[in-house]
Amino acid sequence: MKAHFKITFVILLIIGTVSCSNIDKEPYKLPKNAIQLLSGGELGKSWKIAWRYNDEVRMNMSGCFLSYRITYRPDMTMKDNSEDQENCGPSLTGHWEIITNKKGKSYIKWVSDLLPEVMNINQNYKFFKILKITEDTLQLQYRHKQFSSESIFIDTYVTEHIEIKDRDFHW
């Protein structure tokens, strides 16, 4: 009886391991009008953070997070509003583009000489994987070294007119 139980347990363990393995999902299919969705009209489109997750844990939002806006313009420039807010640091300005890699995954690539200072990185570019983009929602995933380890962040942005309940989330 014990042998039968052990065999059944091993089979279930193997099935569980195989079914839960890190199999690449089909990449998010970028809409044909992704640039228009991201940058809007002539003056650009501003996005605010609705919520942020750090390694699948929702982060507290207050101060600079709540006031943060980033504007993407159709001329492929971008600017955030950090310097306009008290104690939020310098504003990031630069250029952006949408790229798709060989595996079909799409990214927003930022290029700015300010990135090393603002994001504490060595390069003047940064990639943000696009998980979703619609008229009112932009969801990006990226790696960022915070404190002593590198974390995976998922930021969900919405346009200014969207009201988000519990946006100023605190533990």
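These numbers come from a predicted model, not from an experiment.
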*Answer yes or no on whether Lys109 is positioned over the face of Tyr125, meaning its NZ or CZ is under 6.0 Å from the six-membered ring centre and within 45° of the axis.*
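So Lys109 does make the cation-pi contact.
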
Is it the case that the side chains of [Y] and [X] hold a donor-acceptor pair, with the cut-off being a distance below 3.5 Å and no angle test?
| X | Y | result |
| --- | --- | --- |
| Glu160 | Ser46 | no |
| Asp155 | Tyr53 | no |
| Ser106 | Thr100 | yes |

Between the side chain of [X] and the main-chain N/O of [Y], is any donor-acceptor distance below 3.5 Å?
| X | Y | value |
| --- | --- | --- |
| Asn33 | Leu37 | no |
| Asn81 | Asp84 | no |
| Tyr28 | Lys129 | no |
| Thr77 | Arg73 | no |

Enumerate donor-acceptor pairs with a distance under 3.5 Å from any side-chain N or O in residues 112-123 to protein atoms, sequence neighbours excluded.
unit_1: Ser112; atom_1: OG; unit_2: Thr93; atom_2: O; d: 2.5
unit_1: Ser112; atom_1: OG; unit_2: Leu114; atom_2: N; d: 3.0
unit_1: Asp113; atom_1: OD1; unit_2: Asn124; atom_2: ND2; d: 3.4

[Y] side chain reached by [X] side chain, heavy atoms, under 4.5 Å:
| X | Y | value |
| --- | --- | --- |
| Leu140 | Ile154 | no |
| Arg58 | Trp51 | yes |
| Lys79 | Ser91 | yes |
| Ser67 | Gln85 | yes |
| Leu138 | Thr156 | no |
| Ile70 | Tyr157 | yes |

_Apply side chain to side chain contact (heavy atoms under 4.5 Å, CB included) to residues Tyr142 and Lys126 and explain how you reach the verdict._
CA-CA 9 Å; Tyr142 60 100; Lys126 180 85 176 156; 4.2 Å; yes

*State yes or no: do Val111 and Ile108 share one hydrophobic cluster built from I, L, V, M, F, W and Y residues joined by side-chain heavy-atom distances below 4.5 Å, directly or via other members?*
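Looking at the clustering, Ile108 is in a separate group from Val111.
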
*Determine whether Leu66 and Met59 fall in the same hydrophobic cluster, where Ile, Leu, Val, Met, Phe, Trp and Tyr are linked whenever their side-chain heavy atoms lie under 4.5 Å apart.*
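In one cluster: yes.
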
*Which is it for Ile130 and Tyr107 under the side chain to side chain contact (heavy atoms under 4.5 Å, CB included) test, yes or no, and what are the steps along the way?*
CA-CA 5 Å; Ile130 302 171; Tyr107 298 83; 5.6 Å; no

*Measure the acute angle between the ring planes of Trp110 and Tyr72, then classify it against the limits of 30° and 60° as parallel, tilted or perpendicular.*
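Judged by the thresholds at 30° and 60°, the geometry between Trp110 and Tyr72 is tilted.
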
*Criterion side chain to side chain contact (heavy atoms under 4.5 Å, CB included) on Phe128 and Gln141, from CA distance to verdict*: CA-CA 6 Å; Phe128 299 83; Gln141 177 182 327; over 6 Å; no

*Salt-bridged, Lys45 to Glu135, with N to O below 4.0 Å?*
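So Lys45 pairs with Glu135 through a salt bridge.
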
Please name the pair of heavy atoms, one in [X] and one in [Y], separated by the smallest distance, quoted to 0.1 Å.
| X | Y | value |
| --- | --- | --- |
| Gly40 | Pro74 | O-CG, 4.0 Å |
| Leu38 | Trp47 | O-NE1, 3.0 Å |
| Pro27 | Gly104 | CB-O, 3.5 Å |
| Ser82 | Asp80 | N-OD1, 3.1 Å |
| Ile98 | Ala34 | CD1-CB, 4.0 Å |

_Return the CE to OG distance between Met76 and Ser39, rounded to the nearest 0.5 Å._
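These two atoms lie 7.5 Å from each other.
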
*Quick one: do Thr134 and Asp136 satisfy side-chain hydrogen bond (donor to acceptor under 3.5 Å, both in side chains)? Show the steps, please.*
CA-CA 5 Å; Thr134 67; Asp136 294 322; 6.0 Å; no

